[in-house]
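Okay, so here's the structure we're looking at.
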Amino acid sequence: MTNIILLGPPGAGKGTQAGMLVEERGMIQLSTGDMLREAKDSGTEIGKIVADVMARGDLVTDEIVIGLIREKLQGDKKGGFIFDGFPRTLAQADALGELMEEQDETLDHAIELQVNDEILVDRIVGRAAEAVAAGGTARADDNAESLKIRLMAYYKQTSPLVGYYHAKGMLQGVDGLGTMDAVKNEIAGVLDA
């Protein structure tokens with residue numbers, strides 16, 4: 001069983017790669033957004049707190065997110081956990097490390113999907129245009145201006161985690177701009193080493 005964190009800027013493919021790991025390795029994806037939506041609709045005590053916070057338009061605290069992760073860690077572990085979208089800050093990374101220790105779990109790898117920002121912006125904007133041309137819809141924030149704002153937020157808040165996990169000897173970089181299969185194979189190489 002392997003527990004990993006996927007790091008990388010918005011649009012780097014973390015969700016896509018996590019989905020493939022779930023399907024092929026039986027891992028459990030812990031996506032903060034999915035967990036919050038699930039909790040909000042659950043009717044549990046923590047779910048009521050999440051629903052109230054979200055209804056007010058406030059940000060959910062780190063303590064609430066850690067509480068949700070604690071619940072997930074106590075369930076079926078299958079092939080391990082993929083943390084996707086969490087941690088986003090150094091404080092969250094410390095809290096996650098403490099939680100994993102408390103649960104007798106380990107974080108085995110922090111895998112960074114490395115990308116070139118300009119190519120990433122072109123790829124996301126192009127993907128959105130293709131979706132619209134095919135009669136579909138694109139995410140409202142899949143445009144160059146929004147993506148650049150999201151990238152700036154990532155570099156301010158989340159990129160320090162690259163150094164954090166490097167210092168812990170857990171960081172592995174993979175080329176996030178390859179094909180989906182090429183990225184998947186690089187990640188497999190890290191997990192199977």
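Residues: numbered from 1 along the sequence shown.
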Does the side chain of [Y] come within less than 4.5 Å of [X]'s, by heavy atoms?
X: Q92; Y: F83; answer: no
X: E105; Y: M1; answer: yes
X: I28; Y: K72; answer: no
X: T2; Y: R25; answer: no

Which heavy atom of [X] sits nearest to which heavy atom of [Y], and what is that distance?
X: L7; Y: Y154; result: C-OH, 4.4 Å
X: G11; Y: L120; result: O-CD1, 3.2 Å
X: A18; Y: I82; result: O-CD1, 3.7 Å

### side chain to side chain contact (heavy atoms under 4.5 Å, CB included) evaluation trace for I5 with L96
CA-CA 11 Å; I5 295 170; L96 179 60; 4.1 Å; yes
For residues 47-60, dump all side-chain donor-acceptor pairs below 3.5 Å to protein atoms at least two apart in sequence or in another chain.
from	atom 1	to	atom 2	distance (Å)
D52	OD2	R56	NH1	2.5
R56	NE	D58	OD2	2.9
R56	NH2	D58	OD2	3.3

### Message
If you count heavy atoms of other groups shown closer than 6.0 angstrom to CD of E101, is the number above 12?
### Response
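For E101, atom CD is not crowded (no more than 12 foreign heavy atoms under 6.0 Å).
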### Message
Check this for me: Q74, atom CD, are more than 12 non-hydrogen atoms of other residues, nucleotides or ligands nearer than 6.0 Å?
### Response
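Yes, because the 6.0 Å sphere around CD of Q74 holds more than 12 heavy atoms from other groups.
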### Task
Kindly give the cluster partners of M180, where membership spreads through any ILVMFWY side chain lying under 4.5 Å from a current member.
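In the cluster with M180 are M20.
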### Message
Applying a strict under-4.5 Å side-chain criterion to I, L, V, M, F, W and Y, I'd like to know whether V183 and V22 cluster together.
### Response
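Hydrophobic grouping puts V183 with V22.
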### Task
State yes or no: do I66 and F81 share one hydrophobic cluster built from I, L, V, M, F, W and Y residues joined by side-chain heavy-atom distances below 4.5 Å, directly or via other members?
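Yes; F81 is reachable from I66 via cluster members.
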For the [atom1] atom of [X] and the [atom2] atom of [Y], what is their distance to the nearest 0.5 Å?
X: M35; Y: L30; atom1: CE; atom2: CG; result: 5.0 Å
X: L68; Y: L73; atom1: CG; atom2: CG; result: 11.0 Å
X: L151; Y: L147; atom1: CG; atom2: CG; result: 4.5 Å
X: Q17; Y: Q29; atom1: CD; atom2: CD; result: 11.0 Å
X: I4; Y: M27; atom1: CD1; atom2: CE; result: 4.5 Å

Sequence neighbours left out, cut at 3.5 Å: what donor-acceptor pairs do the side chains of residues 107-118 make with other protein atoms?
from	atom 1	to	atom 2	distance (Å)
D108	OD1	T106	OG1	3.2
D108	OD2	N3	N	2.7
E112	OE1	Q114	NE2	3.3
N116	OD1	E118	N	2.9
N116	OD1	I119	N	3.1
D117	OD1	Y155	OH	2.6
D117	OD2	Y155	OH	3.3

### Message
Going by salt bridge (charged side-chain N to carboxylate O under 4.0 Å, His left out), name the residues that satisfy it together with D34, two or more places apart in sequence or in a different chain.
### Response
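D34 satisfies salt bridge (charged side-chain N to carboxylate O under 4.0 Å, His left out) with R37 only.
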### Query
Under the salt bridge (charged side-chain N to carboxylate O under 4.0 Å, His left out) test, which residues partner D181, sequence neighbours left out?
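In terms of salt bridge (charged side-chain N to carboxylate O under 4.0 Å, His left out), with neighbours along the sequence ignored, D181 is linked to K184.
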Which pairs would a plain distance check flag for residues 160-178, meaning a side-chain donor or acceptor within less than 3.5 Å of a matching protein atom at least two apart in sequence or in another chain?
from	atom 1	to	atom 2	distance (Å)
Y164	OH	D94	OD1	2.7
D175	OD1	L177	N	2.9

### K14 side chain vs P9 backbone, donor-acceptor pair below 3.5 Å
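Present.
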